[in-house]
2 protein chains.
Amino acid sequence: MPQFRPFEPQELKFVASFKIGELVAETGMMLLAEGAHSAHLYTLLSGWAFRYKTLEDGRRQILNYMLPGDLLGLQGSVIGEMEHSIEALSPSVLCVFQRDRLDEVFRNHPGLGFDIAWLASREERMLDEHLLSLGRRSALERAAYLLAFLHERAKAVGLSAHGAITLPITQVHVADTLGLSVVHTNKTLRKLADRQLIRWLDRTCQVLDVAGLKALSGWDGLPERRRPLI
Amino acid sequence: MPQFRPFEPQELKFVASFKIGELVAETGMMLLAEGAHSAHLYTLLSGWAFRYKTLEDGRRQILNYMLPGDLLGLQGSVIGEMEHSIEALSPSVLCVFQRDRLDEVFRNHPGLGFDIAWLASREERMLDEHLLSLGRRSALERAAYLLAFLHERAKAVGLSAHGAITLPITQVHVADTLGLSVVHTNKTLRKLADRQLIRWLDRTCQVLDVAGLKALSGWDGLPERRRPLI
DNA sequence: CGCCTATTTGACGTGTATCAACCATCGTGG
DNA sequence: CCACGATGGTTGATACACGTCAAATAGGCG
């Protein structure tokens with residue numbers, strides 16, 4: 001069975017034989033577009049990204065965020081067509097794989113196949129919690145949950161630069177994640193800032209009190225589990 | 001690669017060697033509980049079920065619905081612990097597997113392993129659409145989307161009994177899926193009924209005009225794809 | 001300098017929640 | 001047999017969370 005090693009960003013690597021290149025992306029670059037039949041599959045080596053869907057009139061919903069070690073475009077690989085878009089939140093580096101060799105992975109590297117299922121299952125759990133958030137939490141609770149969530153994810157992949165973690169998102173991202181208007185999002189974030197839970201500066205967010213955010217939102221946090229490295 | 005056959009409910013079967021029993025459930029029975037470390041993994045052979053999460057104060061969010069052919073408890077099998085509960089919506093029959101033999105499936109039956117990843121990926125796509133719905137659709141659009149969605153899923157597994165499909169859900173289920181109060185859900189469903197899109201009778205819902213619901217919600221429908229049978 | 005994008009704030013409008021009834025159906029037990 | 005409570009659906013009055021509109025500030029960049 002697959003070995004679950006503690007996660008070390010610098011050791012991120014897919015089985016060498018499947019990697020066919022690297023891709024460097026700037027902030028704001030669209031990595032995968034809805035409807036695309038991409039021949040590729042990616043692992044995020046460094047940087048932040050997010051995936052989203054839009055309605056025809058332009059309303060946008062951010063579905064989840066991607067951090068180093070996350071698989072991008074698996075859905076397109078398994079199903080054949082992307083049903084969401086992916087955009088870089090920061091300068092990023094991606095490891096590129098050949099999509100049509102996925103069956104080979106499952107056939108010849110069962111451990112890796114299991115790892116992929118593991119990652120898909122993990123994504124599912126995150127989406128479940130997001131759904132609970134959108135459906136049943138208030139604006140303040142939702143915002144607290146999201147920031148705690150992003151903070152924990154960043155911490156889990158060792159993204160704390162000298163102690164502090166800054167989230168490279170704007171309030172528009174927060175609004176489109178929480179299903180709120182930008183104006184109300186701003187007022188909600190202000191309340192969190194007034195309570196000394198977060199600080200917003202220079203287009204980024206600093207989490208000052210994760211425990212406080214978790215308590216406010218009623219979220220338990222990410223379970224401490226070893227994850228597979230793809 | 002796995003063979004994707006057209007779906008026939010009566011041919012539902014897991015590889016014989018992994019099945020260890022059957023479970024018959026009544027409406028309302030909890031099949032899997034949040035926090036459980038179940039030693040089992042299930043396939044729904046017949047009936048409807050749904051999975052949900054709750055906040056500490058009792059607020060409930062339904063995450064998705066399960067129909068014949070769907071895998072239950074995969075998350076618990078891959079991750080180790082269930083983070084949502086599952087309840088039967090109708091009398092149901094489940095096929096039971098041994099959870100700890102999942103690695104064996106991946107090792108010795110790569111096609112099945114791929115199928116499991118395929119199903120996980122499909123679940124992810126559904127959750128994505130639900131998130132878009134909760135975050136960015138109005139109550140009326142959300143309701144239209146949900147009923148069209150359930151109708152299409154039921155049709156896809158051949159659940160149309162002599163032409164008509166009835167959804168075995170109450171308005172409380174709809175409310176807890178859409179993130180609305182029961183009262184407002186009722187008023188919203190009434191609008192759909194007034195427009196001749198649905199009919200509500202005897203604790204079930206009949207979809208009269210799927211196309212109308214899809215147009216109203218701006219939803220494209222489930223892509224027509226062959227799915228693997230587990 | 002001027003034009004972006006991002007954030008902030010106030011006034012006002014509305015979608016949805018809450019509260020409170022009421023009705024219908026159904027299973028149960030006296 | 002009826003009385004009864006429990007569940008599910010319906011409806012109106014009222015409250016509030018959040019959306020929309022409008023305007024202003026601040027920084028980045030050509």
Side-chain angles (χ1 to χ4, degrees), chain A residues 26-29 55 57-62 87 89-90 133-147 166-194 198-206 216-217, chain B residues 26-29 50 55 57-62 87-90 133-147 166-194 198-206 216-217:
Chain A
E26 289 307 309
T27 303
M29 177 174 157
L55 291 173
D57 62 6
R59 282 175 282 179
R60 180 176 77 165
Q61 178 62 42
I62 293 182
E87 189 177 315
L89 262 181
S90 71
S133 215
L134 282 187
R136 292 306 185 196
R137 281 194 249 250
S138 71
L140 195 66
E141 291 169 333
R142 265 182 254 183
Y145 159 67
L146 175 64
L147 299 177
T166 54
L167 311 176
I169 52 175
T170 69
Q171 298 191 1
V172 177
H173 294 118
V174 176
D176 283 348
T177 308
L178 304 185
L180 300 170
S181 70
V182 188
V183 173
H184 194 69
T185 297
N186 178 277
K187 289 168 180 168
T188 303
L189 291 174
R190 172 132 298 284
K191 286 182 193 168
L192 293 180
D194 289 345
I198 63 167
R199 183 163 38 192
W200 207 272
L201 43 92
D202 194 32
R203 252 152 282 198
T204 62
C205 176
Q206 276 190 22
L216 177 53
S217 62
Chain B
E26 289 307 310
T27 302
M29 176 173 158
F50 66 95
L55 291 173
D57 61 6
R59 283 176 282 178
R60 180 177 77 164
Q61 178 62 41
I62 294 182
E87 188 177 316
L89 262 181
S90 70
S133 215
L134 281 187
R136 290 308 185 195
R137 281 194 249 251
S138 70
L140 194 66
E141 292 169 333
R142 264 182 255 182
Y145 158 68
L146 174 64
L147 299 176
T166 53
L167 311 175
I169 52 176
T170 69
Q171 298 192 358
V172 177
H173 293 118
V174 176
D176 283 347
T177 309
L178 303 185
L180 300 171
S181 70
V182 189
V183 173
H184 195 67
T185 297
N186 178 279
K187 290 167 181 168
T188 303
L189 291 174
R190 172 132 298 283
K191 286 181 193 169
L192 292 181
D194 289 345
I198 62 166
R199 184 162 38 194
W200 208 272
L201 44 92
D202 195 32
R203 253 153 279 196
T204 62
C205 175
Q206 277 190 20
L216 177 54
S217 62

query: Does any non-hydrogen side-chain atom of B:V172 lie less than 4.5 Å from one of B:T185?
result: no

message: So, using side-chain hydrogen bond (donor to acceptor under 3.5 Å, both in side chains) as the criterion, who are the partners of A:R137 when residues are at least two apart?
response: A:E129, A:S133

task: Can you check each nucleotide of nucleotides 6-15 of chain C against protein heavy atoms at under 4.0 Å and return B for base, S for sugar-phosphate only, - for none, in 5' to 3' order?
output: SSBBBB----

Smallest separation among heavy atoms of A:P168 and A:T204, with atom names: CA-CG2, 4.2 Å

message: Treating B:R136 as the side-chain partner and A:R59 as the backbone partner, does any N or O pair qualify as donor plus acceptor under 3.5 Å?
response: no

query: Of all residues at least two apart in sequence or in a different chain, which pass the side chain to side chain contact (heavy atoms under 4.5 Å, CB included) check with A:T188?
result: A:A139, A:L140, A:A143, A:H184

task: Flag the pair B:D176 / B:Q171 as yes when at least one side-chain heavy-atom distance between them is below 4.5 Å, and no otherwise.
output: no

- prompt: How large an angle, rounded to 10°, do the end axes of the helix from C:dC1-D:dG30 to C:dG30-D:dC1 enclose when each is built from five base pairs?
  reply: 20°

- prompt: Would A:L134 and A:Q61 satisfy side-chain contact (heavy atoms from CB on, under 4.5 Å), going step by step from the backbone distance to the final call?
  reply: CA-CA 11 Å; A:L134 282 187; A:Q61 178 62 42; 3.8 Å; yes

task: Could you tell me which non-hydrogen atom of B:L189 sits nearest to which non-hydrogen atom of B:I198, and how far apart they are?
output: O-CD1, 3.8 Å

message: Under 4.0 Å, counting only non-hydrogen atoms across every strand here, what does B:G179 touch: a base, just sugar-phosphate, or nothing?
response: sugar-phosphate

query: Between A:C205 and A:W200, which heavy-atom pair has the shortest distance, and what is it?
result: CB-CZ3, 3.2 Å

- request: Taking side chain to side chain contact (heavy atoms under 4.5 Å, CB included) as the test, write out the residues that go with B:R199, two or more places apart.
  value: B:L201, B:Q206, B:L208

query: Can you give the first and last nucleotides of DNA chain D, 5' to 3', that have an atom under 4.0 Å from a heavy atom of chain A?
result: D:dC18 to D:dG28

